[in-house]
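Any value given below was found using the heavy atoms of this structure, including those in side chains, with hydrogens, waters and symmetry copies removed.
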There are 2 protein chains.
Amino acid sequence: MPAPRQRADAVRSREAVLDAAEELFARSGPAEVSMNAVAAAAGVGKGTVFRAFTDRTGLLQALAERRSAPLRRAVAEGPAPLGPDAPPHERIPAVLDALARFKLDNQSLHLALEESGVSSPYASPSYTWWHTTLRDSLARCTDAGQAGFLAHALLAAVRADLIAHLATVERLPFDEIRNRLTAFVHSVLPDTPRA
Amino acid sequence: MPAPRQRADAVRSREAVLDAAEELFARSGPAEVSMNAVAAAAGVGKGTVFRAFTDRTGLLQALAERRSAPLRRAVAEGPAPLGPDAPPHERIPAVLDALARFKLDNQSLHLALEESGVSSPYASPSYTWWHTTLRDSLARCTDAGQAGFLAHALLAAVRADLIAHLATVERLPFDEIRNRLTAFVHSVLPDTPRA
DNA sequence: TTGCGAAACGGACCGGCGGTCCGTATGGTT
DNA sequence: AACCATACGGACCGCCGGTCCGTTTCGCAA
């Protein structure tokens with residue numbers, strides 16, 4: 001099964017839909033954008049959208065995937081402070097900081113993702129990847145069981161809706177968020193000077 | 001405006017709907033239950049449901065309100081360790097522990113609530129109340145700004161979907177969750193012995 | 001007890017959603 | 001050039017949350 005290949009028009013459509021969706025989501029809230037609207041904006045039939053992405057959640061995930069690829073690469077194989085070679089005390093705060101910034105920059109997309117579908121965000125492969133990465137770094141500072149929970153707790157602190165709330169409702173400037181988040185992360189890492 | 005009074009049938013209906021909804025939500029997942037189904041199960045017309053609760057979110061909130069009243073009372077005016085007289089180092093872990101247990105016991109309801117509607121859970125009065133309570137306790141251990149963020153972070157660690165994930169997917173027994181949560185909370189409180 | 005206006009009832013109805021289906025058009029291959 | 005697999009598009013479906021309005025019920029006052 002050497003790669004089923006895709007027809008040229010198919011890839012063109014796929015790209016067009018992705019672009020249109022990105023545009024629409026950026027402009028208005030997550031639940032406001034219907035699949036119909038996406039199809040129309042992409043200049044494509046509805047069926048095409050669903051063939052390419054299966055369902056709404058699929059489209060959202062593909063979008064998030066594309067958008068987050070650079071950050072994930074930076075964490076998976078980049079240089080310090082994000083990359084795997086950085087010492088945990090440096091890497092963990094850096095990763096959370098980057099995640100917070102990323103979620104803030106892509107608010108509507110993440111809100112859409114976290115609330116889409118019936119299932120929790122915890123089921124998504126993306127969450128699992130971040131959790132694993134973080135847990136492995138944490139395991140170098142804490143005992144294993146606690147590392148797993150801690151990774152969840154840290155990720156919970158940068159959930160899109162919380163960050164959005166801090167920025168939008170509480171009107172905290174991003175630097176404030178960043179400072180408090182960093183202080184929080186340090187307080188959770190053992191053997192680290194308190195802020 | 002001394003209290004508009006309500007007709008007897010209205011209160012009867014309201015109660016019936018609440019009961020039926022509680023039953024249905026407990027039995028199956030949150031998104032699975034339609035307003036139609038609730039109305040039918042309550043032996044009541046759809047219009048009645050909407051007159052009593054305005055919309056889906058309203059029903060969910062009313063349900064959560066009713067269910068959480070005892071816990072909120074215990075925290076607002078009960079004895080230590082939950083009540084306001086308990087010292088922060090004792091009260092904060094106790095409150096989070098109680099919240100975790102509560103969310104686990106009422107999974108489907110809370111999942112429904114957190115994902116309902118367009119708006120984030122952070123907009124609900126209920127969240128605000130918990131946040132304020134926690135922040136005020138925290139303010140006795142930390143500087144004010146950090147207390148606000150910390151309260152958010154702690155509450156994020158007991159979000160319904162996370163707790164549900166730990167219990168259901170990771171199959172952690174509740175006591176494990178409780179232990180790790182408590183250890184986490186302590187690590188965040190300054191001037192407290194580490195576990 | 002009866003009469004009557006206000007309040008609540010119920011379910012047909014609406015617009016719009018996510019998702020499917022299938023006749024038609026368009027690659028790519030020989 | 002001919003052929004068929006693949007992709008296209010948009011009419012169509014079932015269902016949902018929410019509204020509307022003719023009918024029933026409640027409770028007060030005569």
Seminar exercise, completed: By salt bridge (charged side-chain N to carboxylate O under 4.0 Å, His left out), B:E176 pairs with (sequence neighbours left out) B:R180
Problem set entry | Residues forming a side chain to side chain contact (heavy atoms under 4.5 Å, CB included) with A:A76, sequence neighbours excluded | A:W129
Seminar exercise, completed: Applying side chain to side chain contact (heavy atoms under 4.5 Å, CB included) to B:A153 and not counting sequence neighbours gives A:A157, A:F184, B:F149
Exercise. Residues two or more places apart in sequence or in another chain: which of them pass salt bridge (charged side-chain N to carboxylate O under 4.0 Å, His left out) with B:E90?
Worked result: none
Could you write out each protein N or O paired with an N or O of nucleotides 28-30 of chain D at a distance under 3.5 Å?
none

For this session: Using a cut-off of strictly less than 4.0 Å, decide whether B:S13 has a side-chain nitrogen or oxygen near OP1 or OP2 of C:dC9.
Result: yes
Exercise. Can you name the residues that form a ring pair (Phe, Tyr, Trp, His ring centres under 6.0 Å) with A:F102, not counting sequence neighbours?
Worked result: A:H110
Exercise. Taking only side-chain nitrogens and oxygens of A:T48, does any of them come within less than 4.0 Å of OP1 or OP2 of D:dG9?
Worked result: yes
Problem set entry | Members of residues 37-45 of chain A that approach DNA chain D, where some heavy atom sits under 4.0 Å away | A:V44, A:G45
Problem set entry | Under the side chain to side chain contact (heavy atoms under 4.5 Å, CB included) test, residues paired with B:R66 that sit two or more places apart | B:E15, B:L18, B:D19, B:E22
Problem set entry | Qualifying residues under side chain to side chain donor-acceptor pair (under 3.5 Å), relative to A:T48, sequence neighbours excluded | none
Exercise. When rounded to the nearest 0.5 angstrom, what is the spacing between CZ in B:R135 and CG in B:L154?
Worked result: 13.5 Å
Problem set entry | Under 4.0 Å protein heavy-atom contacts per nucleotide of nucleotides 14-25 of chain D, with B for base, S for backbone only and - for none | --SBBB-----B
Problem set entry | Contacts of type side chain to side chain contact (heavy atoms under 4.5 Å, CB included), residue A:A100, not counting sequence neighbours | A:V158, A:I163, A:F174, A:L181
For this session: Sequence neighbours left out, what passes side chain to side chain donor-acceptor pair (under 3.5 Å) with B:R73? Give chain and number order.
Result: B:E77
Exercise. What's the CD-P distance between B:Q6 and D:dG27, to the nearest Å?
Worked result: 11 Å
